[in-house]
Amino acid sequence: MSPDPAASPLLFVRESEITALPDRDETVTRLTRELAALMGLQDEEEAVMAALEREHMEPTFVSKGLAVPHGRIAGLARPGVYAARSAKGVDWDLGTANFVILLLVPEEHPEIHLGLLRNLMRWRYRLGEDAAHLLTAPAAELEQSLAAALN
């Protein structure tokens, strides 16, 4: 199946807060497995390896409590976006991530990847102090906020 660069991303928001994960790699691994399952990917481990490999090249902590780990997957029909939150935060080398938004994107379409990253960074900066509210808001509210930013 050929990737469709015009396809909107599959957006999922993790209902439960990230808790009791010891570090960045464990967080990336767990969230990638969860997103791969939600997307129906055949090879979860390929997705995990792609996300961890990218994370080890350079940590994906952006700023203001946002980390955007990502992996490029060959032949992926649509990008997947998986948002998770942690009021306590996850240690992410360069800072503490309260919002971890994982991307799995088609390897063949870097413009999709860059567009999603751009939109997520704009989303976080526009939130400003309201980000604290989204840490405890219902998952549907976070999903609505992200959907508006990504589309």
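Side chains are part of it too, since the values below use all heavy atoms of this structure and drop only hydrogens, waters and symmetry mates.
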Original post:
Could you give the distance from CG (Leu135) to CG (Leu142), rounded to the nearest 0.5 Å?
Top reply: 9.0 Å

Subject >> Gap separating the CG atom of Asn98 from the CG atom of Leu134, nearest 0.5 angstrom >> reply: 11.5 Å

Subject >> 4.5 Å side-chain heavy-atom contact, Pro9 and Asn151 >> reply: yes

Subject >> Nearest non-hydrogen partners of Glu107 and Ala74, listed with the distance >> reply: OE1-CB, 3.5 Å

Subject >> Check: Ala87 main-chain N/O paired with Glu17 side-chain donor or acceptor under 3.5 Å >> reply: yes

Subject >> Atom pair CD (Glu15) and CZ (Arg85), whose distance is rounded to the nearest 0.5 Å >> reply: 8.0 Å

Original post:
Has Glu53 got more than 12 heavy atoms of other residues, nucleotides or ligands less than 6.0 Å from its CD?
Top reply: no

Subject >> Contact check, side chains of Ile18 and Thr27, non-hydrogen atoms, under 4.5 Å >> reply: yes

Original post:
Which atom names give the shortest non-hydrogen contact between Pro79 and Met39, and what distance separates them?
Top reply: C-CE, 4.1 Å

**OP:** Supply the atom-to-atom distance Arg24 CZ to Thr96 OG1, rounded to the nearest 0.5 angstrom.
**Re:** 13.5 Å

Original post:
Side chains of Phe61 and Asp91: does their closest heavy-atom pair fall under 4.5 Å?
Top reply: no

**OP:** Would you give the length of the straight line joining atom CZ of Phe99 to atom CG of Leu127, rounded to the nearest 0.5 angstrom?
**Re:** 6.5 Å

Original post:
Do Val62 and Arg124 touch side chain to side chain, with heavy atoms closer than 4.5 Å?
Top reply: no

Original post:
If only atom types and distance count, is the side chain of Ser145 paired as donor or acceptor with the main-chain N or O of Glu141 below 3.5 Å?
Top reply: no

Subject >> Matching residue for Leu116 among Val105, Ile101, Val68 - test: side chain to side chain contact (heavy atoms under 4.5 Å, CB included) >> reply: Val105

Original post:
Can you list the steps and then say if Thr32 with Tyr82 is a side-chain hydrogen bond (donor to acceptor under 3.5 Å, both in side chains)?
Top reply: CA-CA 8 Å; Thr32 304; Tyr82 192 39; over 6 Å; no

Original post:
In Å and rounded to the nearest 0.5 Å, what is the CG to CG distance from Leu41 to Leu35?
Top reply: 7.0 Å

Original post:
Given side chains that start at C-beta, do those of Met57 and Arg54 come closer than 4.5 Å, heavy atoms only?
Top reply: yes

Original post:
Parallel, tilted or perpendicular for His113 and His70, by the 30°/60° rule?
Top reply: tilted

